[in-house]
Q: 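Take this structure, written in structure tokens, and hold onto it; I'll ask about it next.
For ligands, and for the atoms within them, numbers begin at 1 and follow the listed sequence.
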Amino acid sequence: MSAVKTRFAPSPTGYLHIGGARTALFSWAYAKRHAGQFILRIEDTDVARSTPEAVQAILDGMAWLQLDHDEGPYYQMQRMDRYKQVLNNLLAAGHAYYCYSSKEELDALRESQMLQGLKPRYDGRWRPAADKQLPVPPSGVQPVVRFKNPTEGVVVWDDLVKGRIEIANAELDDLIIARADGTPTYNFCVVVDDWEMGITQVIRGDDHVNNTPRQINLLKALGAQVPQYAHLSMILGDDGQKLSKRHGAVSVMQYHEDGYLREAVLNYLARLGWSHGDDEVFSMSQFCEWFDLDHITPSAAQFNTEKLNWLNAHYIKTLPLAQIAQEVAPRLHQLGIQDITFPALTAVLALYRERCNNLNQLAQEIAFFYQTPTVNSVDAEKHITPETAVVIEAFVTKAQACDWSANALHEVLNTVVAAQQIKFPKLAMPLRVALIGVAQSPSIDQVMALLGKEVCLQRIRSLFPKI
Ligand code: GLU
């Protein structure tokens, strides 16, 4: 068995979507697991639909997910000369032939077949055969090139996900492998590349199952080793329908923008149609040790946003604080906050990360540490009153004398509550509204210690001017 070589071969007609990312992840992990190589190949031959922006979006998505390739990216448009050479070799070897049928002719053929209740297919009128007289090529017509598909027998492959698949050659007509302008067609380029790049396992979406028997026949005609195939089932949205733009974020980078960690998205994608016992939470290195194609479900996988959110919360809580800080800092900048030097972001995150399952939400929740908060009017009306002003004043008087550590502030809070004979929220709520803008927060003493004495007093005084 030759060394494992897998590839991800997206057509750059849009962003890297969730399905593509999962295909890429599985191909990448398979190569890692077998100490093989992973290739990135951009299938940009559909010139009308491929765009440089889409190429960039795919590269960005792959980079964000850190699915690094060992070779490439190859661009099919840069390999045209090679495809044409192989095409000529096939023609010379008698595995392909020129077909001069016009569109009108083929339309008429199709129509008559349909009328007879037959499956529409090319009838092989330009296909050379031993004792066959071919028509005279019409002048001024540029022919297409068709592959001489075997007429007998079956194409069989043991799909590593779907099991054995058999297609009778009688079902397959002679595929056009080059257009009239000489450009090779999609299936042909894929075959030449998989062959020449030495791909051993083709892991791709099951929308390509129908192409596989044609590709296998082409590979055989080229004398190429046929790779193994693994066709991954599609991904359905939360609602059980085919995943589409309707479901919101289908682009991988959109998840990044929407506040998801790479670790969560990767872990989530890994479990989308693949399992390792009951393991739900695992790192990519763990995944690469475990990943195999036997445990991929052949049935469709259903997207579950709640589970992704749960994983995101898990990673927000458990990854090193410095890493979370790196993710949150640009999101604070996006909120218009430039200076995040004080208090230390990691300290703030240590206090707040348990509360959020999303990085954007986390940035919003901690923004008040770095900018004066907008006070919630409902909370203000309820908690900023002449009565609470008395309590707050008592607190400020005592607190000013302490060292402003969380412990000291905690004691001051308790002392004031006892002295004023009030319940704790009577003091904590108005304090929170003044400091944070809303009446909820994790422990107020820790928040105050992080904010620092000066900022706290300033904010309290702006709501309680007489203090
Ligand atoms: N370019 C194809 C696509 O984006 C994938 C081809 C393949 O994996 O063989 O759907």
Q: What's the shortest distance from atom 6 (C) of ligand 1 to any protein heavy atom, and which residue and atom give it?
A: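 Here the closest protein heavy atom is Tyr186 OH, 2.9 Å.
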
Q: Quick check: does Asp207 get an N/O under 3.5 Å from an N/O on ligand 1?
A: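 Not met; the criterion fails.
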
Q: Closer than 4.0 Å to some heavy atom of Glu43 - which atoms of ligand 1 meet that?
A: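 By the 4.0 Å cutoff, the relevant atoms are 1 (N), 2 (C), 5 (C), 6 (C).
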
Q: Could you check atom 10 (O) of ligand 1 against the protein and tell me its nearest heavy-atom contact, residue, atom and distance included?
A: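 Atom 10 (O) of ligand 1 sits closest to the protein heavy atom His208 NE2, 2.9 Å.
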
Q: How about Tyr75: does its OH atom have over 12 heavy atoms from other parts shown lying under 6.0 Å from it?
A: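 Yes.
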
Q: Just checking Trp126 against Tyr100, ring centres under 6.0 Å apart?
A: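 That pair passes the under 6.0 Å test.
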
Q: Using 30° and 60° as the class boundaries, would you call the ring planes of His231 and Tyr229 parallel, tilted or perpendicular?
A: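 Ring orientation of His231 relative to Tyr229: parallel.
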
Q: Parallel under 30°, tilted from 30 to 60°, perpendicular over 60°: which one fits the rings of Trp290 and Phe282?
A: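 Aromatic pair Trp290/Phe282 classed perpendicular.
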
Q: Which residue and non-hydrogen atom of the protein lie closest to atom 4 (O) of ligand 1, and at what distance in Å?
A: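 Here the nearest protein heavy atom works out to Ser11 N, 3.1 Å.
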
Q: Side chain or backbone of Tyr229 under 4.0 Å from ligand 1, or both, or neither, by non-hydrogen atoms?
A: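 No part of Tyr229 is near ligand 1 at this cut-off.
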
Q: Let me know which of Phe303, Tyr260, Tyr315, Trp310 forms a ring pair (Phe, Tyr, Trp, His ring centres under 6.0 Å) with Tyr268.
A: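 Only one option passes, and that is Phe303.
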
Q: What side chain to side chain donor-acceptor pair (under 3.5 Å) pairs are there with at least one residue in residues 353-365, not counting sequence neighbours?
A: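 As it turns out, the side chain to side chain donor-acceptor pair (under 3.5 Å) pairs with a partner in residues 353-365, which skip direct neighbours, are Arg331-Asn360.
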
Q: With atoms numbered from 1 as shown, which atoms in ligand 1 lie under 4.0 angstrom from a non-hydrogen atom of Pro10?
A: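 Answer, ordered by atom number: 1 (N), 4 (O).
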
Q: Within the 4.0 Å heavy-atom shell around Arg7, which atoms of ligand 1 are there?
A: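 The list of qualifying atoms is 7 (C), 8 (O), 9 (O).
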
Q: Below 4.0 angstrom from a heavy atom of Ala9, which ligand 1 atoms are there? Numbered from 1 as shown, please.
A: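 It comes down to these atoms of ligand 1: 1 (N), 2 (C), 3 (C), 4 (O), 5 (C), 6 (C).
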
Q: Under 6.0 Å between ring centres: does that hold for Phe291 and Phe26?
A: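 Ring centres of Phe26 and Phe291 closer than 6.0 Å.
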
Q: Taking distance alone, with no angle check, do Val202 and ligand 1 share an N/O pair under 3.5 Å?
A: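 No; every N/O pair is 3.5 Å or more apart.
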
